[in-house]
Protein chains: 2
Amino acid sequence: MSEPQPTIREHDLNGTTYTIGELAKEFDVTTRAIRFYEDEGLLSPVRIGSKRLYRRRDRARLKLILRGKRLGFTLAEIRETFNLYDEAHGESQQLRYYLSVLEEKRQHLIRQRADLEETLRELDQSYAHCEQLLAQQEQRKAKDQNAAARRPTRRDPTAATQQDSVAN
Amino acid sequence: MSEPQPTIREHDLNGTTYTIGELAKEFDVTTRAIRFYEDEGLLSPVRIGSKRLYRRRDRARLKLILRGKRLGFTLAEIRETFNLYDEAHGESQQLRYYLSVLEEKRQHLIRQRADLEETLRELDQSYAHCEQLLAQQEQRKAKDQNAAARRPTRRDPTAATQQDSVAN
DNA sequence: GTTACCGTTTACGTCTACGTCAACTATTTT
DNA sequence: AAAATAGTTGACGTAGACGTAAACGGTAAC
């Protein structure tokens, strides 16, 4: 049995670390993608020799990247957010600008939420309508079957079962 | 004054119609994009001579296309939705399949909504934190000002007002 | 020692969603 | 008649986000 230790080496950076493969598996992205995010300035893992080592902060960022992508943000936008966040520590000038950017982002998200809710409403309608159509079909099918039952011919009694498979 | 009539010609298709330019202006997209959506099979305007004429259905679809895009769907996905919708009229087999696709889509949207809400929450936190930092800055600034006021020099008495504008 | 596995760099390929000319037609305005 | 305006069909270009293949290094397992 191999030790469950996370194979950290090299006077151990204190704290948990991850290899690129671990992160890729955990978040279901390719290592290629993760390296690409680094090229684009979104991640900055530590190097141990030539290998990359990712720390809690990197993992958190990767999570944010992927969530951002699911919401349709470009990598450039995500990078901008990171940079802003990193730089918004000091002067009221900076802080005010940051606030305005956040406000803009909020507007975007709220619009998107409206789009989303509307789409969900329409989807529910389609769903209901579809179920209604299906119910009608079932009724008709049942009626046909009854009609067949009321005038039993000498045909094979499994005919009804066969008829079910006609919809195949 | 030109007549407000929508310049329809050619034994008039009954109902409202739009030129490509009108739609482009209304939805703030380029005509190039609209033509591209047609190439991709998402729109099918009527032709009058060589010109395209868009009807209510096309307009509705364009709206859906753009909303879909804002939610991060690809044109291929949007086209699939349209096709499914168009073909889901008949057999229970088809209807059941359509229902399953709708269910899948719902899952996707719900996940996206969760992402969105979480992002909005974090954004609000950032916003609040940022405002707090700003308030601290203001306080410090005010204190500095008071300190200056408690040992009044022979400077211009409007100094305080001027200092307000420093935050500009 | 060699096979397997994980990781690295470099570089070209690909798919999506258009942008950007160019060259032409039809209509309206001056 | 000339110019402006709106539309049309190619055809090529491009930005973003990786995929894919080549060629190599390190280490653990057999």
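Chain identifiers are assigned alphabetically (A, B, ...) following the order of the sequence lines, protein sequences preceding nucleic acid strands; residue numbering begins at 1 within each chain.
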Exercise. What pairs with B:Asp86 under salt bridge (Lys or Arg N to Asp or Glu O under 4.0 Å), at least two apart in sequence or on another chain?
Worked result: B:Arg57, B:Arg61
For this session: Using the side chain to side chain contact (heavy atoms under 4.5 Å, CB included) rule, pick out the option among A:Ile34, A:Val29, A:Leu75, A:Thr81 that qualifies with A:Ile65.
Result: A:Leu75
For this session: For A:Glu87, check salt bridge (Lys or Arg N to Asp or Glu O under 4.0 Å) against everything at least two apart and list the hits.
Result: none
Problem set entry | Residues that A:Gln94 engages under side chain to side chain donor-acceptor pair (under 3.5 Å), provided they are two or more places apart | none
Problem set entry | Annotated protein contacts, base or backbone, on nucleotides 4-9 of chain D with a non-hydrogen cut-off under 4.0 Å, one of B, S, - each | ---SBB
Problem set entry | Rounded interatomic separation in angstrom, taking CD1 from A:Ile65 and C1' from D:dG16 | 15 Å
Problem set entry | Rounded distance (Å) that lies between atom P of C:dT16 and atom CD of B:Glu80 | 13 Å
For this session: Enumerate the residue pairs fulfilling ring-ring contact (aromatic ring centres under 6.0 Å, His included) with a member in residues 110-144 of chain B, sequence neighbours excluded, ordered by first and then second residue.
Result: none
Seminar exercise, completed: Nucleotide by nucleotide, nucleotides 17-23 of chain C touches protein heavy atoms under 4.0 Å in the pattern (B base, S sugar-phosphate only, - none) BBBB---
Exercise. Considering the options A:Tyr18, A:Tyr54, A:Tyr37, which one meets the side chain to side chain contact (heavy atoms under 4.5 Å, CB included) requirement together with A:Leu62?
Worked result: A:Tyr37
Problem set entry | With A:Asp115, the salt bridge (Lys or Arg N to Asp or Glu O under 4.0 Å) member among B:Lys69, B:Lys63, B:Arg70 | B:Arg70
For this session: Check the pair A:Arg67, B:Thr119 against side-chain hydrogen bond (donor to acceptor under 3.5 Å, both in side chains), reporting the backbone distance first and the verdict last.
Result: CA-CA 8 Å; A:Arg67 204 176 65 190; B:Thr119 304; 3.3 Å; yes
